[in-house]
Colleague: 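Following this message is one structure expressed as structure tokens.
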There are 4 protein chains.
Amino acid sequence: MKKRGPKYNQIIDAAVTVIAENGYHAAQVSKIAKQAGVADGTIYLYFANKDDLLISLFQEKMGEFIKKMEVELKEIKSMEQKLFLLIQSHFQLLAKSEHLAIVTQLELRQANKRLRESIAEVLKPYFLLLHAILREGMEAHTVSADIDIRLASQMIFGSVDETVTNWVINNQKYDLVALAKPLHEMLIYGMKMNKS
Amino acid sequence: MKKRGPKYNQIIDAAVTVIAENGYHAAQVSKIAKQAGVADGTIYLYFANKDDLLISLFQEKMGEFIKKMEVELKEIKSMEQKLFLLIQSHFQLLAKSEHLAIVTQLELRQANKRLRESIAEVLKPYFLLLHAILREGMEAHTVSADIDIRLASQMIFGSVDETVTNWVINNQKYDLVALAKPLHEMLIYGMKMNKS
Amino acid sequence: MKKRGPKYNQIIDAAVTVIAENGYHAAQVSKIAKQAGVADGTIYLYFANKDDLLISLFQEKMGEFIKKMEVELKEIKSMEQKLFLLIQSHFQLLAKSEHLAIVTQLELRQANKRLRESIAEVLKPYFLLLHAILREGMEAHTVSADIDIRLASQMIFGSVDETVTNWVINNQKYDLVALAKPLHEMLIYGMKMNKS
Amino acid sequence: MKKRGPKYNQIIDAAVTVIAENGYHAAQVSKIAKQAGVADGTIYLYFANKDDLLISLFQEKMGEFIKKMEVELKEIKSMEQKLFLLIQSHFQLLAKSEHLAIVTQLELRQANKRLRESIAEVLKPYFLLLHAILREGMEAHTVSADIDIRLASQMIFGSVDETVTNWVINNQKYDLVALAKPLHEMLIYGMKMNKS
DNA sequence: AATGAATGAGGGTTCATTCAT
DNA sequence: GATGAATGAACCCTCATTCAT
């Protein structure tokens with residue numbers, strides 16, 4: 001099993017396409033292989049099994065996004081701008097690829113328990129990133145000291161995730177990235193009138 | 001297929017138990033039948049098929065919750081108190097039944113597309129409830145006029161849902177209902193310092 | 001998994017036929033089901049899996065033979081007559097059913113390790129029967145006291161088994177049962193001249 | 001396909017090791033190639049296919065034994081001594097190599113039909129050797145004229161084979177070669193008391 | 001001669017649903 | 001109404017073999 005052959009990404013991209021177009025349960029290995037232009041068995045030269053392929057898919061797409069964010073966020077000073085960049089980038093990633101959005105928001109959620117635990121594992125750094133941003137903000141007195149950081153992280157991720165999911169369910173017919181600004185404002189200032 | 005025999009709820013409760021204890025994929029119709037103390041075929045006298053049983057389960061438990069909320073919310077005046085009651089009641093419902101929480105937050109999410117669309121349908125009144133609360137708040141100048149109501153609803157639901165899911169994943173080992181207040185505050189006032 | 005329905009033996013007999021006619025490796029479950037006139041899944045109502053079906057087949061046919069022999073041998077006094085009856089009955093059993101002979105002597109031997117260990121387990125009582133016969137013969141001073149009973153049992157079984165196998169390989173074209181007498185004599189008296 | 005390169009025996013010995021240590025079904029060509037220190041494809045430069053490799057293995061090991069016996073047996077006069085030498089040598093060959101014994105007595109038996117027919121072919125000279133010994137013995141009036149030579153050969157081979165197999169099954173924990181003498185005696189004199 | 005990446009055919013088993021009793 | 005024995009469609013993965021290098 002050798003990761004990173006030329007066919008490694010070829011197969012992952014084929015999986016994204018097949019799952020997005022056929023749905024998780026109809027995404028047979030043979031269908032993915034055909035889409036990738038390789039034999040069924042070739043998939044098993046690059047992935048231990050079907051689950052491993054799907055986990056790798058998520059790792060490759062989200063994991064790489066998270067790593068990129070870790071780097072980019074270092075350049076920014078204020079907590080508010082950091083949070084905005086994260087939300088905007090999250091939206092941009094999924095707005096860029098219709099298929100990837102369908103796969104991460106809808107199809108991969110119906111994976112079995114083991115697979116979903118692995119996916120949760122990949123998301124851990126995302127939450128750690130949120131923790132760090134909020135802690136820094138608190139130290140810089142930008143974020144209220146009363147805030148429960150873990151709860152706030154869940155609020156942020158839950159809001160972002162639910163927003164993307166709704167956008168996918170509504171056939172991606174409005175501008176997702178444009179929602180970064182208002183969502184960011186609501187998260188920072190709340191929904192209350194007179195936020196002066 | 002006649003709903004509301006004496007065995008109707010018996011079967012739904014058996015389904016909750018079996019899914020919570022065995023997981024979605026190991027919850028065969030025969031296992032649910034055994035837990036309910038009826039024959040496999042009997043289930044098909046009350047439900048059209050397995051999907052219908054699961055949708056009915058969600059409808060019965062969440063739908064009834066939403067109807068109850070619609071009534072109770074009428075008694076309350078302020079938008080802030082309405083939102084608090086909704087969040088708190090949502091948390092209370094799931095904190096009350098360990099099994100139901102596992103089923104709605106983890107197991108039912110891995111259902112197939114068709115089933116999940118039906119579940120989304122059941123949740124629609126929940127979102128309409130949120131829309132109404134926010135619109136009223138806006139009219140009463142409690143909620144900022146700049147707010148995108150649909151986006152704010154997604155933020156609220158996403159935050160609540162993610163909070164419950166994390167509580168379930170962490171084996172329900174802390175007090176979920178106690179999180180209603182801080183979450184409510186963050187949603188209303190945001191995370192910003194000096195929320196005066 | 002309920003043994004002994006009316007279809008239990010129906011399936012076992014179908015397995016014997018299909019294996020004998022197609023060979024061990026070409027004996028798919030679906031082929032056996034078709035021959036038995038049942039659905040594929042029905043086989044799994046009576047047998048845990050394919051291995052269990054094959055073990056049951058051997059148990060049913062050889063196990064029942066061994067039990068019958070245990071009873072019949074009690075009626076006979078002399079060790080020589082007991083041994084003769086055993087050999088003759090063994091030959092008769094397999095001469096009676098062309099298919100069963102092919103299955104036990106050729107096809108079932110290419111089973112996997114686990115299956116073959118189970119088959120060896122079924123044969124244990126056969127060896128215990130031989131041990132008992134020889135021990136009795138030794139006590140009655142019919143069998144030489146110098147004999148290693150375990151080795152002698154292996155000689156007897158090996159001779160009988162090899163004789164049947166050769167008869168099957170040669171397409172069962174000569175009278176197997178007729179070989180009981182000369183084989184019995186050789187086992188008792190050896191091949192030496194002047195066995196007076 | 002050229003037999004007898006330097007790697008020919010290298011591959012065969014690797015096959016014996018791999019089959020003995022992993023079992024017949026887990027003995028993939030790739031595993032044998034790795035053990036032999038060659039590439040998968042190289043095996044096909046020396047053997048037509050996997051079956052051919054296994055047949056060659058048996059031929060190389062048993063065929064060479066039989067040829068050696070043909071020579072050595074010419075030096076001996078009496079039928080009894082010839083038979084003893086054959087049994088003893090057979091036992092010695094397999095007692096010498098734990099791996100070879102496992103492969104010939106257990107693993108190779110679960111080969112497919114075609115392969116086992118080829119193996120039977122290799123054993124034919126062994127049976128011819130037995131026929132010749134018995135015929136000579138009969139002419140020299142050492143062996144009873146009533147004996148069916150083919151049946152007697154099967155008795156001898158079956159006894160020897162079953163004895164080795166039992167020794168392997170019992171983890172080779174007793175002295176196999178020591179059984180040559182008592183087995184030889186039983187074959188010659190039978191199990192009857194008073195063999196004077 | 002030697003390599004090893006790529007190929008692709010093939011089968012045991014589960015479980016939602018039916019229907020004769 | 002209630003039963004539960006019977007149905008049968010659907011799919012991941014292995015591994016012997018090839019062939020371009």
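Computed from a predicted structure; not experimentally measured. Proteins get letters first, then strands, A, B, ... in listed order; numbering begins at 1 in each.
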Colleague: If I take atom CD1 in residue A:Ile32 and atom C1' in nucleotide F:dC11, what distance separates them, rounded to the nearest angstrom?
Modeller: 12 Å

Colleague: Nearest 0.5 angstrom please: A:Ile19 CD1 to A:Leu100 CG, how far?
Modeller: 10.5 Å

Colleague: Provide the closest heavy-atom pair for C:Gln105 versus C:Val168 in the form atom of the first, atom of the second, distance.
Modeller: CG-CG2, 4.0 Å

Colleague: Provide, to the nearest angstrom, the distance between the CG atom belonging to B:Leu115 and the P atom belonging to E:dA16.
Modeller: 13 Å

Colleague: Quick one: C:Lys31 NZ to E:dG12 P, roughly how many Å, whole number?
Modeller: 10 Å

Colleague: How do B:Val38 and C:Gly41 order along DNA chain F: which one's closest nucleotide is nearer the 5' end?
Modeller: B:Val38

Colleague: Indicate whether OP1 or OP2 belonging to E:dA1 is found under 4.0 Å from a side-chain N or O atom of D:Tyr46.
Modeller: no

Colleague: Which nucleotide sits closest to the side chain of D:Lys50: F:dT17, F:dT3, E:dT7?
Modeller: F:dT17

Colleague: Quick one: look up who E:dT7 pairs with, Watson-Crick or G-U, both distances under 3.5 Å, and put none if it's unpaired.
Modeller: F:dA16

Colleague: Just the rounded figure in Å: distance from C1' of E:dG12 to NE2 of C:His25.
Modeller: 14 Å

Colleague: With a 4.0 Å limit, can you tell me whether C:Tyr44 has a side-chain N or O closer than that to the phosphate oxygens OP1/OP2 of F:dA6?
Modeller: no

Colleague: Return the 5'-most residue of the pair A:Thr42, C:Thr42 with respect to DNA chain E, ranking by each residue's nearest nucleotide.
Modeller: A:Thr42

Colleague: Check every strand shown and say whether A:Val29 touches a base, only sugar-phosphate, or nothing at a heavy-atom separation below 4.0 Å.
Modeller: sugar-phosphate

Colleague: Tell me: CG of C:Asn49 to P of E:dG11, nearest whole Å?
Modeller: 17 Å

Colleague: Expressed as a whole number of angstroms, how long is the span from D:Asn22:CG to F:dT14:P?
Modeller: 16 Å

Colleague: Could you give the NZ-to-P distance, from B:Lys34 to F:dT3, as a whole number of Å?
Modeller: 14 Å

Colleague: Is B:Ser30 close enough to E:dC15 that one of its side-chain N or O atoms is under 4.0 Å from OP1 or OP2 there?
Modeller: no

Colleague: With a 4.0 Å cut-off on N to O distance, would you call C:Asp13 and C:Lys7 a salt bridge?
Modeller: no

Colleague: Which base sits across from E:dT14 as a Watson-Crick or G-U pair, both distances under 3.5 Å?
Modeller: F:dA9

Colleague: Could you say whether B:Ala39 or A:Ala27 is positioned toward the 5' end of DNA chain F, judged by the nucleotide with the nearest heavy atom to each?
Modeller: B:Ala39

Colleague: In terms of side-chain geometry, is the basic nitrogen of B:Arg109 or B:Asp161 positioned less than 4.0 Å from the acidic oxygen of its partner?
Modeller: yes

Colleague: Could you tell me how the ring of C:Tyr8 sits relative to the ring of C:Phe47: parallel (under 30°), tilted (30 to 60°) or perpendicular (over 60°)?
Modeller: parallel

Colleague: Just how far, in rounded Å, is C1' of E:dA6 from CG of A:Asp40?
Modeller: 12 Å

Colleague: Counting Watson-Crick and G-U wobble pairs only, both distances under 3.5 Å, name the nucleotide matched with F:dT21, or none.
Modeller: E:dA2

Colleague: OP1 or OP2 of F:dA6 less than 4.0 angstrom from a side-chain nitrogen or oxygen of C:Lys7, does that happen here?
Modeller: yes

